[in-house]
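Computed over heavy atoms, backbone and side chain alike; hydrogens, waters and symmetry mates excluded.
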Amino acid sequence: GCGGSGSDKGCSNRSNDTCSRQSRPVPDRAIIKCMEEGPADKGAMPVNFNESKTTEADAAGDQPLHPTSRQMTAAAEVDGHAVGAVMYLTVAATAAQAVSELGAQYFAKDQLSLGPASMDFYLSFYAVGWVIKPVWGFITDSYPINGQRRKPYLMLSLLLAALGFISYGFVHTRMQFLAALIFTNLCMAFMSVIAQALLVQRSGGKSLNGAAVNFAHYYCVKTSCMASLTMLAGWLISFHSARCVLMSTSFLFVAVFLFTPLMRETPAQKVMCPKEQLTIIYGLLGRREFLGVMAYIVAFTAKPHSQSAMFYFNTNQLGYSPRFIATLHICGSIAQLTGYSLYKQYLTHVPFAQLSRVATPILAVVSALRLIQIFRMNCMLGLGDRVFTLACNFVLIMTTEVLWLPMLVVASRLCPKSVEATTFSIWLSVHNLGIWMSGVASFFLTAALGITREDLSNLWVLIVLCSLATLLPLIVLPLLEVVDAEAARRSNVGVNATGSAASVNNKGLPGNKEA
């Protein structure tokens, strides 16, 4: 039997003629039937994660990554055009996160009169909805509505998000602000789960380079949308209150909501029961590859930052206007696109551990360059504040994206089929948990240094400590030496519904992806 579609095909040869016929693309129904028959060669040995023969650890019960061929039928429920339409419409909607971040900063500063430390603390709670993304993934994977796993949940989250942003018109206290911030991000997190599941499905059967291209395209679209909305939000804040700008964001969700019913989604032919999904995820949690990637993500994201303190430095001491603050965000978006392009064109063949070993120290040095502006040495060098800020932010964000995008590609290769939304959401929820931890750590560190909206004298100490913390991922880098993304994709070991090892065809690949 063989499974999959497109150019990456796996065949268990009944005969040379059969394999030759099955090496060509076939319709989805034929794929499903072929997968359900299972591999013809019952004596075929499964290949482990590192593409070697079965080890003693496997025989002792080390759980493999993938579901059986019968459990993969739900992966063929959406055609390519519908996947693309749903995915990119959802990207356009979730790009409102840029407006939410910029508007929330000005709302907290101007409407609630929060200082840098308090702003770090309250804004860190936006990550709550993103941390529990596996819950949203589990819901959309396990409980289809009218046979559809994506579109109904997308419509519901769009409607609720619109109502959430309208609620900013009634926010007058810190707790009300916190409630609106958490609720709107819960809705946007659900939307992103749907898009990520679709991206994982589209990329699972591709080579590592093909998957990297898919990721680069997705994030280019997302970044472009966020840049456009940030520019619009910065312009609006110059003339209207942050409250008004946040409320107007609801129109974006309403527009996408009205268009979404026009999209078609093929009803899921088979959906795994929650027990089966939990069995597969439990086996995934026990693998060293999974734990290594998770540890790196936490180290990469949970370090303290000086973002809020620098916001007050830029607005209060350097006198940057809301329009220029929006320009900084747009410059950051261009830097992201540049980082994606650099990775796509030149770095997809570089092992991630090697790339991280070189780029992480560069990131720490660039992060410390802001000391030049803090001590006003840029003026002595003839560099204007705005030029220096734009250049420093550009290099910092570009280097960060060069490190982060390949990490997502590696993570996507570990996602079992039929539970793409749940497993890939685990990765990103760990990422967002790290962001929340970073906000809390920044709050305590900023408060301990006595930095307030009136007193920024210790800002340089905060920047030095944050730059040193950027090196933390190097500590856990040895755990990633065992992770081989292509070996993960080609692994043909499965997990049956009871959790025991089962040999499946080569299309039992980990790695449908999207984020």
Side-chain angles (χ1 to χ4, degrees), residues 77-78 82-101 103-104 107 125-171 176-199 221-222 225-226 228-229 232-233 236 242-268 421-422 425 428-429 432 514-515:
E77 71 194 49
V78 186
V83 168
V86 172
M87 185 172 67
Y88 290 114
L89 280 172
T90 306
V91 168
T94 56
Q97 184 182 358
V99 182
S100 176
E101 291 177 357
F107 192 96
F125 280 92
Y126 92 89
V128 171
W130 303 85
V131 167
I132 60 174
K133 284 178 69 174
V135 176
W136 310 142
F138 186 78
I139 291 173
T140 188
D141 279 337
S142 303
Y143 302 102
I145 298 176
N146 196 28
Q148 298 177 330
R149 297 195 299 167
R150 312 302 184 202
K151 187 172 74 173
Y153 288 109
L154 175 58
M155 295 179 65
L156 178 62
S157 58
L158 285 166
L159 181 60
L160 293 176
L163 295 175
F165 276 95
I166 291 175
S167 71
Y168 273 106
F170 307 94
V171 170
Q176 290 174 345
F177 170 73
L178 192 60
L181 184 70
I182 293 175
F183 181 77
T184 51
N185 279 277
L186 282 172
C187 296
M188 289 188 289
F190 207 146
M191 297 176 212
S192 71
V193 164
I194 296 171
Q196 290 153 11
L198 296 175
L199 179 58
V221 172
K222 179 178 180 180
C225 291
M226 294 184 73
S228 301
L229 290 175
L232 178 61
L236 288 175
R243 185 192 305 275
C244 180
V245 173
L246 288 169
M247 292 179 65
S248 65
T249 308
S250 61
F251 289 107
L252 174 63
F253 299 101
V254 172
V256 179
F257 174 83
L258 294 176
F259 183 81
T260 302
L262 300 178
M263 299 184 300
R264 294 184 300 171
E265 180 181 355
T266 304
T422 306
S425 294
L428 294 184
S429 69
N432 292 303
E514 209 266 296

Report summary line: Heavy-atom closest pair (M188 atom, Q97 atom, distance to 0.1 Å) is SD-N, 3.6 Å
Query raised in the report: So, the side chain of R243 versus the backbone of G103: is there a donor-acceptor pair under 3.5 Å, distance only?
Result: no
Report task. Applying side chain to side chain contact (heavy atoms under 4.5 Å, CB included), run through M155 and F257 and close with a yes or a no. Result -> CA-CA 6 Å; M155 295 179 65; F257 174 83; 3.9 Å; yes
Query raised in the report: Hey, does L232 have a side-chain heavy atom less than 4.5 Å from the side chain of V245?
Result: no
Query raised in the report: Rounded to the nearest 0.5 Å, how far apart are CG of L236 and CG of L229?
Result: 10.5 Å
Report task. Name the orientation class of the two ring planes belonging to F138 and Y143 (parallel below 30°, tilted from 30 to 60°, perpendicular beyond 60°). Result -> perpendicular
Query raised in the report: With distance as the sole test, does S100 use its side chain to make a donor-acceptor pair with the main-chain N or O of A96 at under 3.5 Å?
Result: no
Query raised in the report: Looking only at side chains, do S192 and K133 share a donor and an acceptor under 3.5 Å apart?
Result: yes
Query raised in the report: Among C187, S248, S250, which residue meets the side-chain contact (heavy atoms from CB on, under 4.5 Å) test with F165?
Result: S250
Report task. Take I132 and L186, measure what side chain to side chain contact (heavy atoms under 4.5 Å, CB included) needs, and give me the verdict at the end. Result -> CA-CA 9 Å; I132 60 174; L186 282 172; 3.7 Å; yes
Query - Considering all heavy atoms, the nearest C225-A95 contact - result: CB-CB, 3.5 Å
Query raised in the report: Would you say the side chain of L246 lies within less than 4.5 Å of the side chain of V171, judging by non-hydrogen atoms?
Result: no
Report task. Mark yes or no for whether T140, through its side chain, and W136, through its backbone, hold a donor-acceptor pair below 3.5 Å. Result -> no
**Report entry** Side chains of F253 and M191 in contact at under 4.5 Å (non-hydrogen atoms)
**Finding:** yes
Query raised in the report: Can you name the closest pair of heavy atoms from L154 and I194 and give their distance?
Result: N-CD1, 3.4 Å
Requested in this report: Any chance you could measure T94, atom OG1, to N185, atom CG, to the nearest 0.5 Å?
Outcome: 11.0 Å
Report summary line: All heavy atoms of Y168 vs all of L181, minimum pair found to be OH-CA, 3.5 Å
